[in-house]
Engineer: 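One structure follows; several queries about it will come next.
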Amino acid sequence: MLWLEQGLYLRVQQLENGPRPLPLLSGFSSDFAYRAIGCFNPSESSDAYYILSNDRDEIWFICNRHLRTVCLAAQLTEFRTPLSLLCRPSDDRSARAGEAAKDKKQG
């Protein structure tokens, strides 16, 4: 199955003994968020493989176990963006989560 997403950005958190290819040895950086070009889920595996463009403009299938979500940014068209431009401080996320929980209790 092949799936295409509009604006999903992922960051690399490589598992040292994880499935190959290892993204940090394959032209990816932990300082960037990568736009998911697509996703492939082979029927013989429970893993999904995201299709990403590395820092050398090569297309790779990277196992989901090496990846973490960053954000949805459909308005962006870059294949990769520095994490510092996309990430909000973690305390800001915690504050938003607390406000959402409070709103849910009141609603």
Engineer: Taking the side chain as C-beta and beyond, is there a heavy-atom pair between Val12 and Leu52 under 4.5 Å?
Structural biologist: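 No - every pair of side-chain heavy atoms lies 4.5 Å or more apart.
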Engineer: Please list, one pair per line, the donor and acceptor atoms closer than 3.5 Å that link side chains of residues 16-26 to other protein atoms, with sequence neighbours excluded.
Structural biologist:
residue : atom : partner : partner atom : Å
Arg20   : NH1  : Gly18   : O            : 2.8
Ser26   : OG   : Leu22   : O            : 2.8

Engineer: Which heavy atom of Ile59 sits nearest to which heavy atom of Ser53, and what is that distance?
Structural biologist: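 The pair with the smallest heavy-atom distance is CD1-CB, 4.0 Å.
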Engineer: Can a donor-acceptor pair be found, under 3.5 Å and without considering hydrogens, that links the side chain of Arg11 to the backbone of Ser30?
Structural biologist: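 No, because the side chain of Arg11 does not come within donor-acceptor range (under 3.5 Å) of the backbone of Ser30.
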Engineer: For a quick test of reading the model, state the closest non-hydrogen atom pair linking Asp55 to Phe28 and the distance between them.
Structural biologist: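 Taking Asp55 first and Phe28 second, the nearest heavy atoms are OD2-C, 4.0 Å.
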Engineer: What about Leu67 and Leu15, same hydrophobic cluster or not, with Ile/Leu/Val/Met/Phe/Trp/Tyr joined at side-chain heavy-atom distances under 4.5 Å?
Structural biologist: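 Hydrophobic grouping puts Leu67 apart from Leu15.
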Engineer: Which atom pair, heavy atoms only, marks the closest approach of Phe32 to Arg80?
Structural biologist: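 Smallest interatomic distance, heavy atoms only, reads CD2-CG, 4.1 Å.
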Engineer: Which atom pair, heavy atoms only, marks the closest approach of Tyr49 to Pro42?
Structural biologist: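 In this case the closest contact between Tyr49 and Pro42 is CD1-CD, 4.0 Å.
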Engineer: Measuring only between side-chain heavy atoms, which start at C-beta, is Val70 closer than 4.5 Å to Tyr34?
Structural biologist: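 When only atoms from C-beta onward are counted, Tyr34 and Val70 do not touch, as no gap falls below 4.5 Å.
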Engineer: Give the minimum heavy-atom separation between Glu78 and Arg35, together with the two atoms involved.
Structural biologist: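 Scanning both residues completely, I find the closest heavy atoms to be O-CB, 3.6 Å.
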Engineer: Let's go through Leu10 and Ile62 carefully: what are the C-alpha distance in whole Å and the side-chain angles of both, what is the deciding distance for side-chain contact (heavy atoms from CB on, under 4.5 Å) to 0.1 Å, and is it a yes or a no?
Structural biologist: CA-CA 11 Å; Leu10 304 163; Ile62 301 296; over 6 Å; no
Engineer: Taking all non-hydrogen atoms of both residues, which atom of His66 and which atom of Gln14 are closest, and how far apart?
Structural biologist: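 Smallest interatomic distance, heavy atoms only, reads ND1-CA, 3.6 Å.
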Engineer: Applying side-chain contact (heavy atoms from CB on, under 4.5 Å), can you list everything that pairs with Asp31, at least two apart in sequence or on another chain?
Structural biologist: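 If we apply the side-chain contact (heavy atoms from CB on, under 4.5 Å) test to Asp31, skipping adjacent residues, the hits are Ser29.
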Engineer: What's the separation between atom SG in Cys71 and atom CG in Leu85, rounded to the nearest 0.5 Å?
Structural biologist: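 Rounded to the nearest 0.5 Å, the SG-CG separation comes out at 10.5 Å.
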Engineer: Which pairs count as salt bridge (Lys or Arg N to Asp or Glu O under 4.0 Å) when at least one residue sits in residues 41-52, sequence neighbours excluded?
Structural biologist: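 Of all non-adjacent pairs touching residues 41-52, those that pass salt bridge (Lys or Arg N to Asp or Glu O under 4.0 Å) are Asp47-Arg65.
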Engineer: Side chains of Leu86 and Leu76: does their closest heavy-atom pair fall under 4.5 Å?
Structural biologist: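 Result yes, sub-4.5 Å side-chain heavy-atom pair found.
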